[in-house]
Amino acid sequence: MDKFVIRGGNPLLGTVRISGAKNAALPAMAAALLTEEPVILENIPQVRDIETTRKLLAAMGAEVELGYGRAQHRTTICCRNLASPEASYELVKTMRASTLVLGPLVARCGNARVSLPGGCAIGARPIDLHIKGLELLGAKINQEHGYVEASAERLRGAEIVFDKITVTGTEDLLMAATLAEGETVMQNCAREPEIADLADLLNKMGAQIEGAGTAKIRVRGVEKLHGTKHRIIPDRIEAATFILAGAITGGDLNVAGCDPQHLDALLEKLHEVGVKTSCRGDSVRVEGNDNLNAADVITEEFPGFPTDIQAQYMALATQAEGTSTITENIFENRFMHALEMVRMGANIKIEGSRAVVRGKTPLSSAAVLASDLRASASLVLAALVADGEIIIDRVYHIDRGYENIEEKLRAVGAQIRRIGEILPKRRGSGVG
Ligand code: UD1
C-alpha cells in the first residue's frame, strides 16, 4: 500500500491546472450504455474510479478505449453488443457509483442485475431511492443474494418526487427516463453541476430534457439515442481542494481550468475566514495569510457548502483563530479525518453531526491513516502546514479521485513524495 511522506512549511506558489470532474465523468460513461453508437468523452480525469468504470463497462461487453496524455484524456465507448447487463459485487464494492449503470441498463436492455453496494466508511448510503424511482417508471424489482434485478419491456414515463435529494439517484433515473415511453417529471432533484453536465450530454445524444440543474426536471422519452462527443466539466472538488491548499499554506496560487461559478459557497466562506480570492475567466487566484478567522460551516446540497470539501475545510479551520463549528448534514459518519488531525495536534471535538474545531493549533509529525477519498485530501492539506514529517497511509483512497495529486502539489512547491510499502522478504517465496 502506498504512503505519502510530506514535509510541511512551504507556501504553494504558481499555477495548478484542474482535471475533468470525476463525478461528471462517471455518469457520462454510464450514459454510453444508452446507445449502440460510440460516445466520445473528453477531459476524462486519470483516476482509479474511471479505470473501475472502464472495467465495469468492458465486463458487460462494451468496447472502451481510454487514452491519456496526447490522447487528450479521452475515452470512446461503444456499447453496440452488451453481452451481460450486470455489475458484479467485485466492482461495485470498490466504487459505489457503479450503481449508476442500473437505470441505463434496464432502459436499454430491458433488464439489469446490479450488486447492492453494502456498507460505506462515511455513512449508510442506501440506493432505495434509485430503486423506488425505477419502480415508478414501471420496472419490476427483485432483490436477492445482495443483487438488485430490474426488468421492464419498456419503461414508462412517471411523476417522481424524491423523498431526499440524491445526486447519483437523480442521474440514474434521468438516464432511465430518456428512453421511457412518454413524459417523466422529477421533483426535488439534486442541482449539482454534474447533473446539468449529464443532461447536456444526453441532449446531445438525442434526449429531450429540460430543467437539469434545477429541482424539477422534465424528460420526454425518445425511442433511441445516438452517439456524440462531449467535454466533461472541470472538477470543482479538486479545484476547491487546491484553493484550500493555497489558503492553508499562506501561498499565492492560481487554480486554473476550473469554473469559479461552481465554487461560490467555498469562496464566500473563505472571504469570511479572511482569505483573499479573485476570479478571472476560468481561474481562481488564492492569496493566503497568517491571520485566519474561525467560521462555521454547514454542509448542504448544491449550491450549499459541499460535503465533499468538509474535511479539507476542517484542516483549514485548525489554523484559524477561534472556534469553528462544522456541521455535516449529508452523511452520518464523515468525521474520520478529525481523529487523525487530532493525532497531528489539532483540537477537535466531535458532538454527533458537529465537529468543534478550536484553533489555531500547531500541527506536527505523526503517522496517520486515510479512511476515504476526501479524508485523504484533508490529511494532505493538514500535513502541508505541519512541522516535521507526516506519513499518510492508505493513499489508494486519494488515487480514486485526484489525478496526480502529488505531482501537481510538488510543481507548486510542496514537499511530498510517494513511497510503496516494502514487504519483508520471505525465505524461499521468491517474492521480495
Ligand atoms: C454523490 C457524490 C459524492 C457526494 C454526494 C453528496 C458521485 C459519484 N458521488 O454521491 O461525491 O459526496 O453525492 O454530494 O457523484 N440516500 C438515500 N437513499 C438513496 C440515495 C441516497 O437515503 O437511494 C442518502 C444518502 O445516504 C446520503 C444522501 O442521501 O445521506 C445524499 O446521498 P447522494 O446524493 O445519493 O450521494 P451519492 O450520489 O452517493
Side-chain angles (χ1 to χ4, degrees), residues 20-31 45 47-50 52-53 56 91-92 94-103 114 116-136 141 143 148 150 160-176 186 188-198 215 232-233 235-238 240-241 262 265-266 298-313 327-337 353 371-378 397-398 400-402:
K22 166 185 90 74
N23 285 356
L26 301 179
M29 290 176 81
V47 297
R48 220 183 54 242
D49 276 7
I50 296 295
T52 306
T53 310
L56 182 72
L91 290 168
V92 177
T94 63
M95 189 188 71
R96 309 177 62 80
S98 308
T99 51
L100 279 167
V101 300
L102 183 61
V114 173
L116 285 163
C120 176
I122 62 173
R125 301 184 82 178
I127 58 161
D128 56 313
L129 301 175
H130 303 227
I131 292 171
K132 199 170 153 189
L134 281 176
E135 277 177 331
L136 287 169
I141 304 282
Q143 288 188 55
V148 185
I160 299 170
V161 183
F162 288 100
D163 296 338
K164 192 170 181 181
I165 298 177
T166 158
V167 176
T168 48
T170 302
E171 292 165 347
D172 205 4
L173 297 178
L174 176 62
M175 290 188 275
M186 303 200 293
N188 200 27
C189 297
R191 293 179 286 161
E192 269 65 4
E194 292 75 19
I195 290 168
D197 194 44
L198 174 64
I232 299 294
I233 56 170
D235 195 314
R236 64 194 165 96
I237 306 301
E238 188 199 16
T241 303
H262 296 166
L266 173 67
I298 300 179
T299 63
E300 285 168 344
E301 295 88 0
F302 192 85
F305 193 95
T307 173
D308 281 353
I309 53 174
Q310 175 260 105
Q312 301 90 312
Y313 180 81
T327 308
E328 173 56 56
N329 262 341
I330 308 294
F331 293 110
E332 309 93 81
N333 187 30
R334 205 171 196 181
F335 286 141
M336 303 279 270
H337 46 279
S353 63
S371 54
D372 64 73
L373 170 57
R374 307 303 171 186
S376 328
S378 76
H397 287 294
I398 216 165
R400 283 190 41 215
Y402 287 89

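Atoms within a ligand are numbered from 1 in the order they appear, just like the ligands themselves.
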Using a strict cut-off of less than 4.0 Å between a Lys/Arg side-chain nitrogen and an Asp/Glu carboxylate oxygen, indicate whether R96 and D49 qualify as a salt bridge. no
When you measure from atom 23 (O) of ligand 1 to every protein heavy atom, which one gives the shortest distance, and what is it? L129 N, 2.7 Å
Looking only at atom types and distance, does a side-chain atom of N329 sit under 3.5 Å from a main-chain N or O of E300, one as donor and one as acceptor? no
E332 (side chain) donor-acceptor with E328 (main chain) under 3.5 angstrom: no
If hydrogens are left out, which of L26, I195, D128 has an atom nearest to atom 18 (N) of ligand 1, that is, the closest non-hydrogen atom? D128
Which residue and heavy atom of the protein sit nearest atom 38 (O) of ligand 1, plus the separation: T168 OG1, 2.5 Å
If you measure from each non-hydrogen atom of M95 to ligand 1, which part falls under 4.0 Å: side chain, backbone, both or neither? neither
Using non-hydrogen atoms of the residue, decide whether R125 is closer than 4.0 angstrom to ligand 1. yes
Please name all residues satisfying side chain to side chain donor-acceptor pair (under 3.5 Å) with K132, sequence neighbours left out, ordered by chain then number. D163
Considering only protein heavy atoms, which is closest to atom 22 (O) of ligand 1, and at what distance to one decimal place? P126 CG, 3.5 Å
Excluding sequence neighbours, so at least two apart, what forms side chain to side chain donor-acceptor pair (under 3.5 Å) with E238? K408
For atom 1 (C) of ligand 1, grab the closest protein heavy atom and report residue, atom and distance to one decimal in Å. V167 CB, 3.8 Å
Heavy-atom distances under 4.0 Å decide this one: backbone, side chain, both or neither, for K164 against ligand 1? side chain
Location of contacts on T307 toward ligand 1, heavy atoms closer than 4.0 Å: side chain
Check: of D308, D372, N23, min heavy-atom distance to atom 8 (C) of ligand 1 comes from N23
Has ligand 1 got any nitrogen or oxygen that is less than 3.5 angstrom from a nitrogen or oxygen of K22? no
Give the contacting part of I330 toward ligand 1: side chain, backbone, both or neither, where contact means a heavy-atom distance below 4.0 Å. both
